[in-house]
Protein chains: 2
Amino acid sequence: MTSKPNVRQPSHVACRDCSLSSLCLPLALSIKDIDQLDHIIKRGRPLKKGEHLFLEGDPFTSVFAVRSGAIKTYTATNEGEEQITGFYLPSEILGLSGMDTDTYPVSAQAMETTMICEIPFEQLETLSDQFPELRRHLMRLMSKRIREDQQMMMLLSKKNADERIATFLINLASRFRRRGFSSQSFRLSMSRNEMGNYLGLAVETVSRVFTRFQKNGLISAVGKEIEIRNSVELCALAGGKTLEPNPIATSA
Amino acid sequence: MTSKPNVRQPSHVACRDCSLSSLCLPLALSIKDIDQLDHIIKRGRPLKKGEHLFLEGDPFTSVFAVRSGAIKTYTATNEGEEQITGFYLPSEILGLSGMDTDTYPVSAQAMETTMICEIPFEQLETLSDQFPELRRHLMRLMSKRIREDQQMMMLLSKKNADERIATFLINLASRFRRRGFSSQSFRLSMSRNEMGNYLGLAVETVSRVFTRFQKNGLISAVGKEIEIRNSVELCALAGGKTLEPNPIATSA
DNA sequence: ATACGACTTTGAGGCCTCTCAATGACGTCA
DNA sequence: TGACGTCATTGAGAGGCCTCAAAGTCGTAT
């Protein structure tokens, strides 16, 4: 409701000055229109590891863009266990799946210290009325998410443990690369347990696959630090497409 | 491109006269606005079993509503096998996942004789500019689809064969009920093979689960005819929610 | 009506991944 | 810096589902 004046603190970079603007929502707007988006964005304090952005069942009010750090979304299974539904890196948008309900269907939690841009949905809709391009971008984001979820369903129903983890690593790598980071070596923000949870595998299986991948020279892993040593092989395992062509990113 | 005059043939029922209007796109429009939607809708000849509505890679031009019959969407895995991504019943909308690409990411094929309403997307977008409510409805459809896909991911990563099939049957039942049909007994439009493909199970497993369910008095199945004999148990297996509360439907 | 093909069912055996268990490494905080 | 808790690794065993194979059923077309 309150569109906070645009306080320029280190943590409060304006959209036009944000290094992620070409990946994030502003990409749908012209330079001069970006400021309008900028004014409705709320930039809260950084979330510490483990803090929640919203909880499953909270009233749906906003969508969020990750500015730095990493967020996971999860929901509770019938048995009360946690089921992770997505990982979100800087420039990626989350919260859109709550749009047709009054409440968020998942919880969102910081996996490390994380800065967030909050976009109140009501105002985003108003802005969408002015800028058809923004509206189309939002729909494209959701459409892309649907396709990505279907890729994920394919992974879960057809791929074995090796292929799942290869796919996961390649996907992460291209998302890092898209943000201008190395796709060869990066740091996982999630634990083996979280990775397994997301991929439908037991922790022990994840660990065993990592060990095997290292023995075969596909990757090198020291704790959460990952280095891809044979991207060709890894991509082949992941199922076809190489790391080279224009990378994939995730949103919504 | 051509908005065909509204020919009243048996197969060309106007939206306002369509029994599905309260479930389909028109639900976002007032009575008098429905006619505008009606005029952009193209109603082709019925598709025969096995005919394709569109193929993976075809240029994205329209979204589609199923009027009668049933459609499956599928994509090819890396090994060239078919992976079914969804089943669509009357009043349900498909094709939205192609929105952010130039081409459909899946193929759509009739599982039986099927009547389709085609909505050219460009004109739907124009109409969306006039009717914010229609626009919001489209976004809600996509948002709902995202949530449903996440349910599916949960099914694939956490549920065993019995639970998957129970979930699938309960889901189908509530979709039938929503359309005013019996949720106790209905006819499957898909083969055991297609069901298994969709659920990430081998045909033989599907068959064995069906046999077991019948032995336990959960269902009775003669070919594709299904009768749910113990919905309480079946719902429990599916994971909690009963069949009674307001049912779930699928779209996009 | 009959024959063919597609679909379904049932059985046997094997493999992949899970579960349980214990040890080892890491990171954090007093 | 040391101790604790969390996370990661490794091993052994079991179980669920897949694969392969064959027989049975259904639907359809000639």
Side-chain angles (χ1 to χ4, degrees), chain A residues 48-51 70 72 77 79 81-84 109-113 155-169 187-216 219-226 237, chain B residues 48-50 70 72 77 79 81-84 109 111-113 155-169 187-216 219-226 237:
Chain A
K48 281 203 281 276
K49 177 174 178 171
E51 280 189 297
K72 71 170 175 186
T77 66
E79 294 77 36
E81 305 163 59
E82 140 179 334
Q83 166 68 47
I84 294 174
Q109 187 179 27
M111 294 191 293
E112 51 192 83
T113 303
L155 175 145
L156 290 170
S157 77
K158 291 269 186 294
K159 294 184 178 179
N160 64 24
D162 285 17
E163 293 165 343
R164 290 182 198 196
I165 289 181
T167 304
F168 182 72
L169 291 176
R187 183 173 206 287
L188 299 173
S189 44
M190 71 289 297
S191 68
R192 302 283 191 273
N193 195 32
E194 290 170 323
M195 199 184 309
N197 182 300
Y198 178 65
L199 294 173
L201 297 172
V203 202
E204 297 91 330
T205 304
V206 174
S207 190
R208 278 185 254 267
V209 172
F210 266 65
T211 303
R212 199 174 328 126
F213 278 6
Q214 291 187 81
K215 272 182 192 152
N216 299 341
I219 64 170
S220 138
V222 181
K224 293 190 159 50
E225 294 295 335
I226 300 290
L237 253 181
Chain B
K48 280 203 283 276
K49 177 174 178 171
K72 71 171 175 184
T77 66
E79 295 76 37
E81 305 163 58
E82 142 179 332
Q83 166 68 47
I84 295 175
Q109 187 180 27
M111 294 192 292
E112 50 191 83
T113 303
L155 176 144
L156 290 170
S157 76
K158 292 268 186 293
K159 293 185 177 177
N160 64 25
D162 285 17
E163 293 164 343
R164 289 184 199 195
I165 289 180
T167 305
F168 182 73
L169 291 177
R187 184 173 206 284
L188 299 172
S189 44
M190 71 289 297
S191 68
R192 303 283 191 273
N193 194 32
E194 290 170 324
M195 199 184 310
N197 182 302
Y198 178 65
L199 295 174
L201 298 170
V203 201
E204 296 92 331
T205 303
V206 174
S207 188
R208 277 184 254 267
V209 172
F210 266 66
T211 304
R212 198 173 330 125
F213 278 6
Q214 290 186 83
K215 273 183 192 154
N216 299 341
I219 64 170
S220 136
V222 182
K224 292 191 160 48
E225 295 293 336
I226 301 290
L237 253 182

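Here the structure is a predicted model, which is why all the values come from computation and not from measurement. Convention: sequence-line order gives letters A, B, ...; per-chain numbering from 1.
Contacts between chain B and DNA chain C, taken as any atom within less than 4.0 angstrom of a protein heavy atom, begin and end at dT8(C) to dA12(C).
Taking atom CG on Leu201(A) and atom P on dA8(D), their separation rounds to 14 Å, with Å as the unit. Look at NZ on Lys159(A): it is 18 Å from P on dC18(D), rounded to the nearest Å.
Judged by distance alone, the side chain of Glu51(A) and the main-chain N or O of Lys48(A) form a donor-acceptor pair under 3.5 Å. For the pair Gln214(B) (side chain) and Ala221(B) (backbone), a donor-acceptor distance under 3.5 Å is present. Between the side chain of Arg192(B) and the backbone N or O of Lys224(B), no donor-acceptor pair lies under 3.5 Å.
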Report the C-alpha separation of Asn197(B) and Gln83(B) in whole Å, then their side-chain angles, then the decisive distance to 0.1 Å, and conclude whether the side-chain contact (heavy atoms from CB on, under 4.5 Å) test is met.
-> CA-CA 6 Å; Asn197(B) 182 302; Gln83(B) 166 68 47; 3.9 Å; yes
Walk me through it: do Lys72(B) and Met190(B) pass the test side-chain contact (heavy atoms from CB on, under 4.5 Å)?
-> CA-CA 9 Å; Lys72(B) 71 171 175 184; Met190(B) 71 289 297; over 6 Å; no
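Scanning all heavy atoms of the two residues, the minimum distance from Ala166(B) to Phe213(B) falls at N-CE2, 4.0 Å. When all heavy atoms are compared, the tightest approach of Ile165(B) to Val206(B) is CD1-CA, 3.7 Å. Shortest non-hydrogen contact noted between Glu163(A) and Lys158(A) is OE1-O, 4.2 Å. Across Glu112(A) and Ala70(A), no two heavy atoms sit closer than the pair CG-N, 3.7 Å. Of all the heavy atoms in Ser189(A) and Met111(A), the pair that sits closest is OG-CE, 3.5 Å. Between Leu156(B) and Leu199(B), the shortest heavy-atom distance links the atoms CD2-O, 3.4 Å.
By the side chain to side chain donor-acceptor pair (under 3.5 Å) test, Gln109(A) pairs with no residue at all, sequence neighbours left out. Partners of Tyr198(A) according to the ring pair (Phe, Tyr, Trp, His ring centres under 6.0 Å) rule, which considers only residues two or more places apart in sequence or in another chain, are Phe87(A), Phe168(A).
The stretch residues 204-212 of chain A comes close to DNA chain C through Glu204(A), Thr205(A), Arg208(A), each having a heavy atom under 4.0 Å from the strand.
Summary of helix geometry: the two end axes of the helix from dA1(C)-dT30(D) to dA30(C)-dT1(D), each defined by five base pairs via their C1' atoms, are inclined to each other by 40° (rounded to 10°).
Looking at heavy-atom distances under 4.0 Å, Gly200(B) makes contact with sugar-phosphate atoms alone, never a base.
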Heavy-atom protein contacts under 4.0 Å, nucleotides 24-30 of chain D, coded B base, S sugar-phosphate only, - none | -------
